[in-house]
Amino acid sequence: MMKTIEKYQKCSYGALDPNQPINETQQNSYQEYLRLKARVEILQQSQRNLLGEDLAPLTTKELEQLEHQLEASLKQIRSTRTQCILDQVADLQSREQMLTEANKALRNKLEDAWAQVPLRLAWEAGGQNVQYGRPPPQSEGFFQPLGGNSTLQIGYNPVVSAEMTTMGQNLQNVSGYIPGWML
C-alpha cells in the first residue's frame, strides 16, 4: 500500500518539480503533441482549401487533386441523397398501399351499413310499405325501359298477348330494362 502511495506522490508532485530532469515518456509525449499539432494545421489548411479559401499558394497538381476530391465527395453525397429519396419513396408507396387497403375496408363497411339501414327500417315498420323498385334509369340512355307489360310472370301462360310476341323473347329482361346496344 505504501508503495502505491509513494508512486502516486511521485507522479503527482514530481511533475511540479522544475529541477527534475525530463524523462523519456515526457519527451515522447511532447513529440506526439508536436506531431498532432502539425496534423491539425494540415487538416485546417485542407478544410480552407475545400471551402475555396487560400487557393493562391497551391500548384496546378494540387488544384487538380482538390478538384477530383471535390467531385468524388459530390458524387458520394448525391448517391447518398438519391438512396435516401428512394427509401422514402418506397416507404410512402407501402404506406399508400396500406391506406388504400384500409380505405377499401372502410368503404365496404360503410356500404354494408347503408345496405342494412333500409332493411332495418322496414323490419321496424313491420314490413309495411317496403318498396321493391327497379334500378333508376341511366341518364346516358344506356338502359332503356321496355314498352308494354313489364311484370314478371313465372310459369306457363297459354294466353300470350300480341304485344309480347312482337318484342321477341330475347329482348325481355327481368328488371324491365334493356341495354341500348341490344336494340
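Rounding to the nearest 0.5 Å places CG of Leu34 at 11.0 Å from OG of Ser29. Leu106 CG to Glu111 CD: the interatomic distance, rounded to the nearest 0.5 Å, is 11.5 Å. If you take CD1 on Ile85 and CG on Leu92, they are separated by 11.5 Å, rounding to the nearest 0.5 Å. Atom CZ of Arg81 and atom CG of Leu86 lie 11.0 Å apart (nearest 0.5 Å). To the nearest 0.5 angstrom, Gln45 atom CD is 10.5 Å from Gln47 atom CD. Interatomic distance, CG of Leu58 versus CD of Glu64, reported as 12.0 Å (0.5 Å rounding).
Scanning for salt bridge (Lys or Arg N to Asp or Glu O under 4.0 Å) contacts around Arg107 gives an empty result, with sequence neighbours left out. Applying the side chain to side chain donor-acceptor pair (under 3.5 Å) test to Glu62 and every residue at least two apart in sequence or in another chain returns nothing. Scanning for side chain to side chain donor-acceptor pair (under 3.5 Å) contacts around Thr25 gives Asn23, with sequence neighbours left out. Scored by the side chain to side chain donor-acceptor pair (under 3.5 Å) test, Gln97 finds Glu101 as partners (sequence neighbours excluded). Taking the side chain to side chain donor-acceptor pair (under 3.5 Å) definition, one finds that Gln83 meets it with Asp87, sequence neighbours left out.
Panel note: side chain Ser79, backbone Lys75; no donor-acceptor pair is recorded below 3.5 Å. The backbone N or O of Ile42 sits nowhere less than 3.5 Å from a side-chain atom of Ser46 that would complete a donor-acceptor pair.
Counting all heavy atoms, side chain and backbone alike, Asn49 lies closest to Asp54 at OD1-O, 3.1 Å.
Heavy-atom contacts from other residues, nucleotides or ligands closer than 6.0 Å to CD of Glu71 number more than 12.
Among residue pairs with one or both ends in residues 34-45, those qualifying as salt bridge (charged side-chain N to carboxylate O under 4.0 Å, His left out) are Glu32-Arg35; sequence neighbours excluded.
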